Amino acid sequence: MVQLGLVGLGRMGFNMRERLRAAGHEVVGFDRNQAVSDSTSLADMVSKLDAPRIVWVMVPAGGPTRETVAELGELLAEGDLVIDGGNSRFTDDKHNAEVLSAKGIGYLDCGVSGGVWGKENGYGLMVGGDKELVERAMPIFDALRPDGPREEGFSHAGSVGAGHYAKMIHNGIEYGLMQAYAEGFELLEAAKVVEDVPAVIKGWQRGTVVRSWLLDLLVRALDEDPELDDLEGYVEDSGEGRWTLEEAINHAVPAPVISAALFARFASRRKDSSAMRAVAALRNQFGGHAVKKAGE
């Protein structure tokens, strides 16, 4: 049994706490939402942990994570360990590690995949940091990862920053896969040759080369709403896709699929695109093609 402090009990953090407890570990959680929190503050959470302590952080990337790490640096002691399991940018990890290292506190970054299904299925984990610290936290990683061989759901990706870098690339790939499924769905619907689009997509779940968990989730969505009429085609991006493309540019690695998927998300948010108005105007000018006037 391992004792763990867990900061951030949102959709993923809450389920991670439940999975860890089901595995027999003691988890003391803190969240600003006191209805789900086990402690009243970070200081209160730390006071309930026995040294040497391990604290897992699951708060929004950027400022909130940096601020939480800095506050933990004032509350924890030499020999303690902080694990950032959020979607921090890998460049933040060096800073966080240095802040804690100055006080003798260890730091690991952990990319976590699995979403709201992780409680039941386990989480894919990609970890960066010193091998000794990874081994110390392995009972936690083993409880969170999927059942089966460790190497199929867990990786020690490298030194500090490597875990979040791996997760960033993972999410860039995810962008491309989702966009391919989405475009296939739209084409099946638009052509009208296929009379039962949900049935076709469900039929891809076994025996085909495009079967995947993402496809299973699309089938689930279509079971609930066969035309997806209840949704608006507006898609946000959480940052990792942009960071992946920046890295592709920095290393001169072609990434046309991921870039197209990210730009498609941008396009989904534009109800009245200046660029597409320009395209319409040009088509009308050189070819006399019909245009739709504003307000029609």
Side-chain angles (χ1 to χ4, degrees), residues 12 57-69 83-99 101 107-115 123-130 154-187 209-210 212-215 217-218 233-280 282:
M12 285 189 68
V57 178
M58 288 295 292
V59 300
T65 294
R66 289 191 295 271
E67 291 164 11
T68 301
V69 169
I83 304 172
D84 176 14
N87 279 331
S88 294
R89 189 166 187 172
F90 75 98
T91 50
D92 283 352
D93 292 313
K94 182 180 179 181
H95 167 78
N96 291 338
E98 289 175 349
V99 167
S101 178
Y107 178 84
L108 297 174
D109 57 286
C110 183
V112 180
S113 180
Y123 301 88
L125 305 174
M126 298 143 265
V127 181
D130 292 342
F154 169 89
S155 60
H156 180 196
S159 58
V160 166
H164 281 144
Y165 194 96
K167 178 57 163 46
M168 174 185 70
I169 303 304
H170 165 283
N171 281 26
I173 294 169
E174 180 186 291
Y175 276 44
L177 291 173
M178 287 193 290
Q179 187 64 26
Y181 285 131
E183 291 174 9
F185 168 74
E186 184 172 10
L187 184 54
V209 296
V210 299
S212 74
W213 185 49
L214 282 174
L215 182 69
L217 293 178
L218 178 57
Y234 182 102
V235 185
E236 286 286 3
D237 65 286
S238 56
E240 295 90 343
R242 301 184 189 211
W243 303 340
T244 299
L245 285 188
E246 288 181 21
E247 283 299 294
I249 293 168
N250 290 340
H251 296 285
V253 173
V257 172
I258 297 173
S259 62
L262 178 63
F263 294 151
R265 294 192 181 197
F266 294 165
S268 77
R269 304 168 206 164
R270 306 185 66 177
K271 293 182 178 179
D272 185 20
S273 167
S274 297
M276 296 316 296
R277 290 202 304 273
V279 170
L282 286 168

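Because the structure is predicted, anything quoted here is derived from the model rather than measured.
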Hey, is the main chain of [Y] close enough, under 3.5 Å, to the side chain of [X] for a donor-acceptor pair?
X    : Y    : result
Y107 : V99  : no
S101 : E98  : no
S155 : A157 : no
S113 : G124 : no
T65  : P60  : yes
H156 : G158 : yes
D109 : V160 : no

Could you tell me whether the side chain of [Y] reaches within less than 4.5 Å of the side chain of [X], counting heavy atoms only?
X    : Y    : answer
V112 : L125 : yes
L262 : L245 : yes
T244 : Y175 : no

- Item | Derivation of the side chain to side chain contact (heavy atoms under 4.5 Å, CB included) call for R269 and D237 | CA-CA 11 Å; R269 304 168 206 164; D237 65 286; 2.6 Å; yes
Pair S212-L214, side chain to side chain contact (heavy atoms under 4.5 Å, CB included): steps then yes or no:
CA-CA 5 Å; S212 74; L214 282 174; 3.7 Å; yes
One should read off an interatomic distance between E246 CD and N250 CG, to the nearest 0.5 angstrom, of 7.0 Å
Taken to the nearest 0.5 Å, the spacing of I169 CD1 from H164 NE2 works out to 13.5 Å
Tested for side-chain hydrogen bond (donor to acceptor under 3.5 Å, both in side chains) against S238, the lone hit among R242, E236, E240 is E240
